[in-house]
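Presented below is the structure to which this report refers.
Note that ligands are numbered from 1 as they come in the structure, with each ligand's atoms numbered from 1 the same way.
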Amino acid sequence: MTNETHIELNNETEKQLEYMDLLNKIIREKASAKGRPLTACVVTFGCQMNERDSEKLKGILTRCGYELTDDETADLVLYNTCTVRENANLRLYGRLGHLSGMKKKDHDKIIGICGCMAQEPDVVKKLETSYPFTDIIFGTFNVYKLAEILYSHLTTGSRITDIWESNDTFTELLPTVRKYPFKSGVNIMYGCDNFCTYCIVPYVRGREKSRRPEDIIFEIEQLVKDGVTEVMLLGQNVNSYGKGLKAEVTFAELLRRVEKVVGLKRIRFMTSHPKDLSDELIEVMAASEKICDHIHLPLQSGSTEVLKRMNRKYTKEDYLALVEKIRKAMPDISITTDIIVGFPGESEADFEETLDVVRRVKFDSAYTFIYSKRTGTPAAAYEEQTDEATVKNRFDRLLKEIKNASSEVTGRYTGRTMPCLAESVNDHDPALITGRMSNNMLVHFPGDKSLVGKIVDVKITECKGFYYFGERV
Ligand code: 5AD
Ligand code: SF4
């Protein structure tokens, strides 16, 4: 391996591995003094980016000698936070309030906050003054520095706040602990340059930066050697992947290269911005054996006027035409979306336009959000914030419309045999396995845990709306 080919194995990576070794000694000493292993709990809020970051945090903590647990009574609790909507912030403060009691009883307990909320100066101020028992605070750009930050805290006894404004070094080759042994997220880019006017992500995740294709392929090859058969390529806007690289590469070209990784069976990606979805991407998807039959294509609003004020850079007609083009090339594809209700100034007529798109597109499923005002975003300053009762009424009507429209299409798989990746034993019934079809829908079917991680053929017997029942064939 040369540095030229894999620049991500850099000095920073080596430095962090050294901190992990140093911490490992300290943690082992503490464990032998306590007569039990030290435990760590990472709580994840928010999106798949955060899920992936948490796998990295868990990898570092494991290498430092911690035993992982889901129990917040652990010796170390780390909250990987989300701030995309205000609700997420409120949930964190609630959890922290609860922890303060535990910390009073156990002074050695370490409490950490990282992720998107930590990138907001007001939040950090509030944490430092109202939640003085927090021991380490770091942001989205230096996740890989957890061991160094923890080491500073343990050796000085003081609170460490380490927040960066940006970062140019990718540090992907550190240990991770994956939630599933057989599938993994892979960051292909970080940040976002789109500045949708409601969205805080560009402020807390910084400018868009793509990783080099050879580094991504190398990581995927390593994952496949480690038993992974499905990857989810992650970025805020994967369709603009490759901009700014020395040798510019399109997302479609990256997919062609990922497709060639021997042993990899399924490729997913998230999220696509409609304005950047190219014909080349549609061609590559249609021709591919491995790219799944699913595209998540956030609509946000069906009103061209609202879309303009959201700075989405497409019209209602553009979106409908794009869906038509995708369906023409891939008639069976499942299309899912995100929709925001109650954007400032959204009129009843604007909202009707959203309902119209839902009726016409018939999404397989949709995530719906009530607009949340985020300080510092342009939309927060817009007058005409919509009143709560109107928003609630529209939200309920939207849910109904989505359910009606999707029920017309999701039944199309009933009676068909579909390959499913068996992901886990069913939470409610241990005689069932929960698997995922290529279109991202869940199917429950009789089977035992030896199937987990395998792709098996399942005949779909019943559609339950947003999930299915089936039988192995
Ligand atoms: N209010 C409500 N929903 C939002 N989203 C992003 N920002 C906001 C906000 N301020 C939604 C968008 C995005 C999804 C991840 O979260 O629909 O696609
Ligand atoms: Fe936010 Fe828009 Fe970027 Fe998505 S594309 S992260 S909604 S600014």
Please say whether Arg374 places an N or O atom under 3.5 Å from an N or O atom belonging to ligand 1.
no
Basic-acidic side-chain contact under 4.0 Å: Arg256, Glu280:
yes
Answer with side chain, backbone, both or neither: which part of Ile370 has a heavy atom less than 4.0 angstrom from an atom of ligand 1?
backbone
Atom 18 (O) of ligand 1 [closest protein heavy-atom partner, distance rounded to 0.1 Å]
Asp338 OD2, 2.6 Å
Suppose I only count heavy atoms of Cys192 and a 4.0 Å limit; which atoms of ligand 2 are within that range?
3 (Fe), 5 (S), 6 (S), 8 (S)
Within the supplied structure, the quantity of interest is the number of heavy atoms (other residues, nucleotides, ligands) at a distance under 6.0 Å from Gln222 CD; does it exceed 12?
yes
Can you tell me which residue and heavy atom of the protein come closest to atom 9 (C) of ligand 1, and the distance to 0.1 Å?
Ser372 O, 3.6 Å
Closest protein heavy atom to atom 7 (N) of ligand 1, given as residue, atom name and distance to 0.1 Å:
Tyr198 CD1, 3.3 Å
Which residue and atom name correspond to the protein heavy atom nearest atom 2 (Fe) of ligand 2, and how close is it?
Cys196 SG, 2.3 Å
Tell me whether the NZ or CZ atom of Lys392 lies within the 45° cone about the ring axis of Phe395 and under 6.0 Å from its centre.
no
Please state which part of Lys373 comes within less than 4.0 Å of ligand 1, counting heavy atoms only: side chain, backbone, both or neither.
neither
Could you tell me whether Glu383 and Arg309 have a side-chain N and a carboxylate O separated by less than 4.0 Å?
no
Does the gap between the ring centers of Phe445 and Tyr468 come in under 6.0 Å?
no
What's the shortest distance from atom 4 (Fe) of ligand 2 to any protein heavy atom, and which residue and atom give it?
Gln236 O, 4.4 Å
Do Tyr131 and Tyr93 have ring centroids that are under 6.0 Å from one another?
yes
Atom 17 (O) of ligand 1 [closest protein heavy-atom partner, distance rounded to 0.1 Å]:
Gln300 OE1, 2.6 Å
Sub-4.0 Å atoms of ligand 2 with respect to non-hydrogen atoms of Asn194:
5 (S)
N/O separation below 3.5 Å, Tyr371 to ligand 1:
no
Taking backbone and side chain together, does Cys199 place any N/O/S atom at a distance below 2.8 Å from atom 1 (Fe) of ligand 2?
yes
Residue Arg91 excluded, over 12 heavy atoms near CZ under 6.0 Å
no
Which protein heavy atom lies closest to atom 11 (C) of ligand 1, and at what distance to 0.1 Å?
Arg85 NH1, 3.3 Å
Region of Val84 that comes within reach of ligand 1 [heavy atoms, distance under 4.0 Å]:
both
Consider ligand 2: state whether an atom of it lies below 4.0 angstrom from any non-hydrogen atom of Arg312.
yes
Any atoms of ligand 2 less than 4.0 Å from a non-hydrogen atom of Pro202? List them with their elements.
8 (S)
Report yes if the distance between the aromatic ring centroids of Tyr467 and His444 is under 6.0 Å, otherwise no.
yes
What protein heavy atom lies closest to atom 7 (S) of ligand 2? Include the residue and the distance to one decimal.
Tyr198 OH, 3.3 Å
Applying the ring-ring contact (aromatic ring centres under 6.0 Å, His included) test to Tyr371, which of Tyr382, Phe351, Phe343 qualifies?
Phe343
Please determine whether the number of non-hydrogen atoms from other residues, nucleotides or ligands lying under 6.0 Å from atom NZ of Lys362 exceeds 12.
yes
Modelled atom types, side-chain donor and acceptor of Thr336 and His294, under 3.5 Å:
yes
